[in-house]
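All chains are named by letter (A, B, ...) in the order of the sequence lines, taking the proteins before the strands, and each is independently numbered beginning at 1.
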2 protein chains.
Amino acid sequence: MNRILVVDDDPALLRALRINLTARGYTVDLARDGTTALAAATKHPPDLMIVDLGLPDMDGVDVIGGVRGWLQVPVIVLSARHLEPAKVAALDAGADDYVTKPFGMDELLARIRAALRRAAPSAVAETPVTVTEAFTVDLGARRVIRDGADVRLTPTEWHLLEVLVRHPGRLVSQRQLLQEVWGPRYESETNYLRVYVAQLRAKLEPDPSTPRYLITEPGMGYRFEP
Amino acid sequence: MNRILVVDDDPALLRALRINLTARGYTVDLARDGTTALAAATKHPPDLMIVDLGLPDMDGVDVIGGVRGWLQVPVIVLSARHLEPAKVAALDAGADDYVTKPFGMDELLARIRAALRRAAPSAVAETPVTVTEAFTVDLGARRVIRDGADVRLTPTEWHLLEVLVRHPGRLVSQRQLLQEVWGPRYESETNYLRVYVAQLRAKLEPDPSTPRYLITEPGMGYRFEP
DNA sequence: CGCCTGCGTCAAGGATGCGTCAAGATCAGC
DNA sequence: GCTGATCTTGACGCATCCTTGACGCAGGCG
């Protein structure tokens, strides 16, 4: 669902947060110091960050400064410092929220939900629309339009199309398609791909027997050609 | 600069906030209860709201619900309730931050700056009223008009309709609907959606058996089609 | 030339999700 | 404490979707 990067030097706290957050369906990245945190944020940009102020190698405020500017990610500061100047400094440095230890897990989860909720519209505001001569795919609104009318896609059809459209012009391997749409255990069920690609072609291609947009790369995978 | 609406029943606190906020260059509106607060928000849409939970005429959570949906304004809750359930409820109801009394003025000001900072780009004043050929939804006034007469909606029906209308033309997943209307713990109760969408259709659609405005996307969610 | 692998097509079963209805539980107002 | 409205919960029929298998066809290779 959503990726959360937790930065703290207390292993017990890291563990507690990892368990609680993964149980709620979040993907969790952990970092023990600022350097690894910044590296992790570069590699897998998170949707939200939880940052402790007291880190071994740098101050948490500098971590915030390190991502602010190039990453529009909400930051929740988690700190043992109760004093007001620390809070003001962290908030003015770019933090979105400040929670003092010890904290209630339910409250933190609620604040995470609030932060993600208000960040959602900005992330979706840039509606990624893919236009071809035959049809239009609106990933944000989750709809496909052809000849001015909506095309009804089943959830699986939509999911498959989504993966292909997200990599325009590039080859997507059967393994990757099966894994993203059906899950890791279906990597060998290439049958599914044949059936559902055929259904997508029937609904989208002008001439389904000679595909123009959903191209087969024999033995390798499929490609969406815009 | 920025307009802030403060809702609290304590005259001393209102005065203190008015002085401090105007000194920082904010324009300040004051309200002593929920009714006047909602009226003030309709007349002069604020850029930020500070809401106390204990109001004489209604709960602060209801004030948040009254503006959420038609006004994208950050809300900071200011409350004497320290208990976690109250915080979670307020945050899930749409609040962006929760500060407990007694509070430090500098911290509150910093939280105000943080809330305004992230809200700045999306200062989109969306149209509070949506018109279709069959009915009219007024998000600001919380009214639905059909054939010139008011349609009676229950609170839950209204809440559901509100979420759908706020994303016109876009698919809203069942997860998102359940989370916003019933709360994070009801994400799997798809029964509720079926029941309440049916009730909305019965009250709004010209032909409830063949929906025109409240469209089902099987397996994915629902869509409001203006 | 024949075999084999991989792809496209089709159809049928079983499973799932949706709409509908109604009754019990809960809440609010008097 | 009662009454009506509202919310929750369960059951049922029906449509749709997913899965699975079989078949034909084309291209590569021995």
Side-chain angles (χ1 to χ4, degrees), chain A residues 142 144 150-162 164 171-175 177-183 185-223, chain B residues 57-59 61-62 65 89 142 144 150-164 171-175 177-178 180-183 185-205 207-223:
Chain A
R142 285 211 156 193
V144 180
D150 274 24
V151 181
R152 275 186 54 84
L153 295 184
T154 72
T156 309
E157 287 167 3
W158 171 260
H159 206 157
L160 177 62
L161 179 65
E162 192 179 1
L164 287 171
L171 170 74
V172 187
S173 72
Q174 332 194 39
R175 277 263 292 278
L177 286 172
L178 286 165
Q179 184 164 333
E180 289 209 39
V181 178
W182 281 273
R185 301 186 322 164
Y186 294 77
E187 283 186 356
S188 55
E189 303 282 339
T190 56
N191 263 332
Y192 295 1
L193 286 182
R194 291 206 287 281
V195 171
Y196 277 92
V197 169
Q199 287 176 6
L200 280 180
R201 285 181 179 145
K203 293 185 178 180
L204 299 181
E205 291 277 357
D207 180 4
S209 58
T210 62
R212 241 226 85 193
Y213 302 101
L214 302 166
I215 314 291
T216 302
E217 299 284 350
M220 310 182 65
Y222 292 86
R223 176 205 312 278
Chain B
D57 58 341
M58 63 174 80
D59 196 276
V61 171
D62 298 328
R142 294 211 149 208
V144 180
D150 272 24
V151 181
R152 270 190 61 83
L153 294 184
T154 72
T156 308
E157 288 168 4
W158 170 260
H159 204 162
L160 177 61
L161 179 65
E162 185 180 289
V163 177
L164 285 171
L171 176 91
V172 187
S173 71
Q174 342 195 48
R175 276 259 295 276
L177 286 171
L178 287 165
E180 290 209 37
V181 177
W182 282 273
R185 300 184 321 164
Y186 293 78
E187 283 186 355
S188 55
E189 302 283 339
T190 56
N191 264 333
Y192 295 3
L193 286 182
R194 292 207 288 279
V195 171
Y196 277 91
V197 169
Q199 288 176 5
L200 281 179
R201 285 183 180 142
K203 294 185 177 180
L204 300 181
E205 291 276 358
D207 180 3
S209 58
T210 62
R212 238 224 91 196
Y213 302 101
L214 276 48
I215 313 291
T216 303
E217 298 283 351
M220 304 198 282
Y222 292 87
R223 181 200 311 277

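In this model, the phosphate group of D:dC18 is approached by a side-chain N or O of A:Thr156 to a distance below 4.0 Å at OP1 or OP2. Residue A:Trp182 places no side-chain N or O under 4.0 Å from the OP1 or OP2 atom of D:dC18. A sub-4.0 Å separation between OP1 or OP2 of C:dG6 and a side-chain N or O of A:Thr190 is absent. In terms of phosphate contacts, A:Arg152 brings a side-chain nitrogen or oxygen within less than 4.0 Å of OP1 or OP2 of D:dC17. Remark: A:Arg194 is not in phosphate contact with C:dC10, judged by side-chain N or O atoms under 4.0 Å from OP1 or OP2. Distances shown here put a side-chain N or O of A:Tyr196 below 4.0 Å from the OP1 or OP2 atom of D:dC18. Distances shown here put a side-chain N or O of B:Thr216 below 4.0 Å from the OP1 or OP2 atom of C:dG19. Taking side-chain N and O atoms only, A:Tyr222 has no distance below 4.0 Å to OP1 or OP2 of C:dC7.
The listed nucleotides are C:dT9, D:dT16, C:dG19; the one nearest the side chain of A:Ala198 is C:dT9.
No donor-acceptor pair under 3.5 Å is formed between the side chain of A:Glu205 and the backbone N or O of A:Thr210. The main-chain N or O of A:Trp158 is never found under 3.5 Å from a side-chain atom of A:Arg142 such that the two would form a donor-acceptor pair.
At a threshold of 4.0 angstrom between heavy atoms, the contacts of B:Val195 include nucleobase atoms, whether or not backbone atoms are also involved. Among the heavy atoms of the strands lying under 4.0 Å from A:Gln174 are primed sugar atoms or P, OP1, OP2 only; no base atom is included. Within 4.0 Å of B:Tyr186, counting heavy atoms only, lies no atom of the nucleic acid at all.
Nearest approach of A:Arg201 to A:Leu214, heavy atoms of both residues: NH2-O, 2.7 Å. The two residues A:Arg152 and A:Glu157 come nearest to each other via the heavy atoms O-OE1, 4.1 Å.
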